[in-house]
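Heads up, the thing below is written out as structure tokens.
Heavy atoms only: backbone and side chains are in, while hydrogens, waters and symmetry mates are out.
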There are 2 protein chains.
Amino acid sequence: MSGILQALREQQHHMNPKEQILAQFILEHAHEAVHLSITELAGRSGTSAATVSRFCRSLLFKGYGDFRMKLSAELVQPVPAKPSYQDIVAGNTLHSIAQAIETNHLRSISDTTRQLDLTEVQRAVDALHDARRIDLYGMATSGMVAYDCQQKLVRIGKMAQHWSDSHMQITSATSLGEGDVAFAFSYSGETPETLDALLCAKERGATTISLTKFGANRISQLADIRLYASSLEEGMRRGDMASRIAQLHVVDILFTALLSLHFDDYVPLLEQSFQEVKKYRKEKGR
Amino acid sequence: MSGILQALREQQHHMNPKEQILAQFILEHAHEAVHLSITELAGRSGTSAATVSRFCRSLLFKGYGDFRMKLSAELVQPVPAKPSYQDIVAGNTLHSIAQAIETNHLRSISDTTRQLDLTEVQRAVDALHDARRIDLYGMATSGMVAYDCQQKLVRIGKMAQHWSDSHMQITSATSLGEGDVAFAFSYSGETPETLDALLCAKERGATTISLTKFGANRISQLADIRLYASSLEEGMRRGDMASRIAQLHVVDILFTALLSLHFDDYVPLLEQSFQEVKKYRKEKGR
DNA sequence: ATGAAGAAGAAAATATTTTTCATCATTTTT
DNA sequence: AAAAATGATGAAAAATATTTTCTTCTTCAT
């Protein structure tokens, strides 16, 4: 904490009564204050526009506008790196919520990248490249990651299918075989539906890949190729938010690696699918 | 380079002549520009105050003051360690790919958080809280974000529905009305199917929210509440990877804010849905 | 009690921003 | 090719926002 808010806090007790009230309001609602006009700020803080104006000038700003701009500039300074993940509880300000989530997501991506085993990534890329058919399993939030992965694979001409229905997952897994890939997504690594499907696929001879949180878990134990995404500390509520971002991050790395290693095979397909969507829209008269 | 200046650079060539001149001036003298009043800026750049005002509004700022404040906020950011987003090409090593993707995702999240207008977030949270029914529109990658948002909302007992089928989107939008919310997700902000659905919902009186890349676009123009996620530079391949992460980041902030502001309403429901899924599994014999 | 000094708001003055309106240039239609 | 329509632009008017002035009120020292 530095600059204007710090100055306010320090000088607050040497101010006139109404100015103290105003300073207090600004300290408590800084992020809101910068969006208010001088009249609104006066109203919200129980003072008058004249007082606010004098207040700003006594702090040696050129006027309210100048004060507001400099305060707003101060408020967007990036958060200093916080050592650990932030938990979220009731009654936080919007600003602290946004910061906490940012911290969690940034960390979760950094951690995941740092601990990523590139040898396993390479094996996964090769398996996906060589796969005849690719099945993607995941429930709820992880289902979304699986679906994202499917979208990417389909765009480069892969036969990839995500099933969010647990019966269909098994049905599909049953028809896999040697040369096919089954890719399981699960934050906990214990999701029974996903586990079942992966097991079934493995029994039919498919190559199995897992993307779970770090540490031992039943799904990764089952997999031939094991990828991990960062997990939040145990007991942390809403851990799946950050983990989902981390999982998508891994999917992006996988997909980009696939593209980069087989550029000539895939990039034309990707461009083509992009152009076709555009063309199709034009033809509809847009 | 990101945010406002980036948007100016990208959109400069689609502007009116005087607006191009103005954009050019701002790009060249950004640090000076934020200290000028609208009249001074008009004078220095060879345009008129009216043009500057229109310019700011056409970029979807609330007015010149808003534009100036956000630009000023952008300018005080220290130069990031890694100056720009990394593009991905053929033949990279796995390590450089992972690093590039990490850089892009980290930046994309930081940029998005910094540019987030918390007033708009608050309005969106209120709208979602009060909503009788919530429709979520988005195609392809943005469809996934919409779906993610639906999952979260449903878990706290909201009637939320994502349609990935463009006909069903319209069908559903048709039955919306006053007190309902339509939430459109689109990276480009121009996706016709999403635009149509949002328009239809708006015509029926629903409150409309948009989450698009930064800068003026047709979807956000239509929306009552406008949220933005960071965009990569024009011409960058695979821009949607980072944008999807950024959009999910915004969804997380929205949802957490919703939870935090109405803790007692929602958290019990969330815990309950979590416990019920567990219980249901136990009963199946696991 | 009285006067001086300063705090604070109402209202006036000023400045800034936005909108309206008239003009001019460009494009489209006839 | 002329006429009509559209759109861009700046001047001026209108609307807003900010600052200053002026007056009242309170406090404190005498």
Per atom distances to the R68(A) side chain, the nearest of dA8(D), dA8(C), dT18(D) is dT18(D)
How are the rings of H129(B) and H262(B) set to each other: parallel, tilted or perpendicular (split at 30° and 60°)?
parallel
Write down the distance between CG (L36(A)) and P (dT18(D)), rounded to a whole number of angstrom.
10 Å
Using side chain to side chain contact (heavy atoms under 4.5 Å, CB included), reason through L71(A) and I26(A) one step at a time and then give a plain yes or no.
CA-CA 10 Å; L71(A) 180 59; I26(A) 293 171; 4.0 Å; yes
Of the listed dT9(D), dT17(C), dT18(C), the closest approach to the P17(B) side chain comes from dT9(D)
Can you tell me which nucleotide in dA10(C), dT17(C), dT19(C) comes closest to the side chain of A50(A)?
dA10(C)
What's R57(B) touching, base or sugar-phosphate or nothing? Going by heavy atoms closer than 4.0 Å.
sugar-phosphate
Can you identify which nucleotide, out of dA8(C), dT18(D), dG10(D), has its nearest atom closest to the S48(B) side chain?
dG10(D)
Testing dT18(D), dG9(C), dT19(C) for proximity to the side chain of S53(B), the answer is dT19(C)
At under 4.0 Å between heavy atoms, what does S37(A) touch on the DNA or RNA strands: base, sugar-phosphate, or nothing?
sugar-phosphate
Exercise: identify the closest heavy-atom pair between A206(B) and A182(B)
CB-N, 4.4 Å
Give the ring-plane orientation class for Y64(B) versus F67(B), where under 30° counts as parallel, over 60° as perpendicular and anything between as tilted.
tilted
Categorize T51(A) for me: base, sugar-phosphate, or nothing, with a 4.0 angstrom heavy-atom threshold over every strand shown.
sugar-phosphate
